[in-house]
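Each residue takes its place number in the sequence, starting with 1.
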Amino acid sequence: MIPTVLATRYVAPLREGGSLPGLVEAEDLGIYVMKFRGAGQGLKALVAEVIVGELARRLDIRTPEMKALLLSRKIARYEADQEVQDLLKASIGLNLGIDFLPGSFGYDGVTFKPPAEEAARIVWLDAFVANIDRSWRNPNLLIWHRKLWCIDHGASLIFHHNWAGTSPSKFAARPFDKSDHILSEVAGGKVAAAHEELSARISEGLLKEVLELVPDEWLEPAAGAEDPAGVRSLYLEFLTARLSGSAAWLPE
């Protein structure tokens, strides 16, 4: 499981996101962007963040460090904002903390452009995990120390919102439309080369290691998978099917 630290102080809300994430200080003296288990997107968004974020890290795509943040009831008691207090009370227990990158700013495609190969790797990862949330409307990319960082992967892995209504084979063939992707033009025609490199680096063993990082209590039971081990097996089945299929999902 990802490391766990105790949240010690709620600092401020980040109202840019629809889920109302917040800045939180933890016992390790770190400052984290907390993604709340009680937010509207629910636990599956946290699961997607960990799986995709750790996949990105294993593929040398920059993404901030993640930890599980243990939120106690006493922190909510001293919050004056009623909306935030309600969210804190609904999120007692393990939440997700994303390392805060001080001084970072959002990618706009003008002041900074990554190399085409780097852009292609990000487009490929988003295509593999079916991340629909990296567009001009919502880039989810930061510039920090003159380098590009990927954040906010919670909209990925759409199959886990409807286990019964889909199958590994359907997900394996689901195409990815990169026309709306913010890095599509920068990547140019290099996504196929990124596929050759990155798909070869993802093995079943690596996927199992990544899935083990997700806290058990975030893995909600599904039909035919009543315990965390069963749910992890479902994720593994869907991801390996997409990886080992005909790559019909690969954007041209």
Say whether H153 and N131, considering side chains only, have a donor N or O and an acceptor N or O under 3.5 Å apart. no
Side chain of [X], backbone of [Y]: donor and acceptor closer than 3.5 Å?
{"X": "T166", "Y": "N162", "answer": "no"}
{"X": "S184", "Y": "H181", "answer": "no"}
{"X": "W249", "Y": "A127", "answer": "no"}
{"X": "T63", "Y": "G53", "answer": "no"}

Chi angles and distances behind the side chain to side chain contact (heavy atoms under 4.5 Å, CB included) call for F36, L46: CA-CA 8 Å; F36 294 99; L46 307 189; over 6 Å; no
Going by salt bridge (Lys or Arg N to Asp or Glu O under 4.0 Å), name the residues that satisfy it together with [X], two or more places apart in sequence or in a different chain.
{"X": "R174", "value": "none"}
{"X": "E65", "value": "none"}
{"X": "R121", "value": "E197"}

Distance-only check: which donor-acceptor pairs under 3.5 Å involve side-chain atoms of residues 187-196, not counting sequence neighbours?
residue, atom, partner, partner atom, Å
H195, ND1, W124, NE1, 2.8

Minimum-distance pair of heavy atoms, taken over all atoms of [X] and [Y]:
{"X": "L148", "Y": "P114", "result": "CD2-CG, 3.8 Å"}
{"X": "P64", "Y": "W149", "result": "N-CE3, 3.8 Å"}
{"X": "A130", "Y": "I158", "result": "O-CG2, 4.2 Å"}
{"X": "Y10", "Y": "I75", "result": "CB-CG2, 3.8 Å"}
{"X": "K35", "Y": "P21", "result": "CD-CB, 4.1 Å"}
{"X": "F171", "Y": "F238", "result": "CD2-O, 3.6 Å"}

Do [X] and [Y] come within less than 4.5 Å of each other through their side chains, counting heavy atoms only?
{"X": "V24", "Y": "V11", "value": "no"}
{"X": "L157", "Y": "I51", "value": "yes"}
{"X": "D133", "Y": "N140", "value": "yes"}
{"X": "L234", "Y": "F159", "value": "no"}
{"X": "P221", "Y": "D227", "value": "no"}
{"X": "E49", "Y": "D152", "value": "yes"}

Using a 3.5 Å cut-off and no angle test, enumerate the donor-acceptor pairs between side-chain atoms of residues 89-105 and protein atoms at least two apart in sequence or in another chain.
residue, atom, partner, partner atom, Å
K89, NZ, Q85, OE1, 2.9
S91, OG, G38, N, 3.0
S91, OG, L87, O, 2.8
N95, OD1, R37, N, 2.8
N95, ND2, S91, O, 2.8
N95, ND2, G93, O, 3.1
S104, OG, L101, O, 2.8

Looking at [Y] and [X], is any side-chain nitrogen of the basic one under 4.0 Å from a carboxylate oxygen of the acidic one?
{"X": "R134", "Y": "D180", "value": "no"}
{"X": "D28", "Y": "K67", "value": "yes"}
{"X": "K113", "Y": "D108", "value": "no"}

Between [atom1] on residue [X] and [atom2] on residue [Y], distance to nearest 0.5 Å:
{"X": "E27", "Y": "L69", "atom1": "CD", "atom2": "CG", "value": "9.5 Å"}
{"X": "L183", "Y": "I122", "atom1": "CG", "atom2": "CD1", "value": "5.5 Å"}
{"X": "C150", "Y": "D126", "atom1": "SG", "atom2": "CG", "value": "6.5 Å"}
{"X": "Y32", "Y": "E25", "atom1": "OH", "atom2": "CD", "value": "10.5 Å"}

When hydrophobic residues are tied together by side-chain contacts of less than 4.5 Å, even through go-betweens, does [X] share a cluster with [Y]?
{"X": "L243", "Y": "L250", "result": "yes"}
{"X": "L59", "Y": "M66", "result": "yes"}
{"X": "I182", "Y": "F176", "result": "no"}
{"X": "L141", "Y": "I132", "result": "no"}
{"X": "L219", "Y": "L43", "result": "yes"}

Using a 6.0 Å cut-off, check whether atom CD of E185 has over 12 heavy atoms from anything other than its own residue. no
Given side chain to side chain contact (heavy atoms under 4.5 Å, CB included), test F128 with V52 step by step and report yes or no. CA-CA 10 Å; F128 175 56; V52 179; over 6 Å; no
List the steps and the verdict of side chain to side chain contact (heavy atoms under 4.5 Å, CB included) for L20 and L14. CA-CA 6 Å; L20 198 64; L14 295 175; over 6 Å; no
Kindly determine whether I143 and T111 satisfy side chain to side chain contact (heavy atoms under 4.5 Å, CB included), including the steps that lead there. CA-CA 10 Å; I143 309 301; T111 55; 5.7 Å; no
Would you give me the side-chain donor-acceptor pairs under 3.5 Å for residues 205-215, sequence neighbours excluded?
residue, atom, partner, partner atom, Å
K208, NZ, E204, OE2, 3.4
E209, OE1, R58, NH1, 2.9

Check the angle between the aromatic planes of Y107 and F112 and answer parallel, tilted or perpendicular using the 30° and 60° thresholds. perpendicular
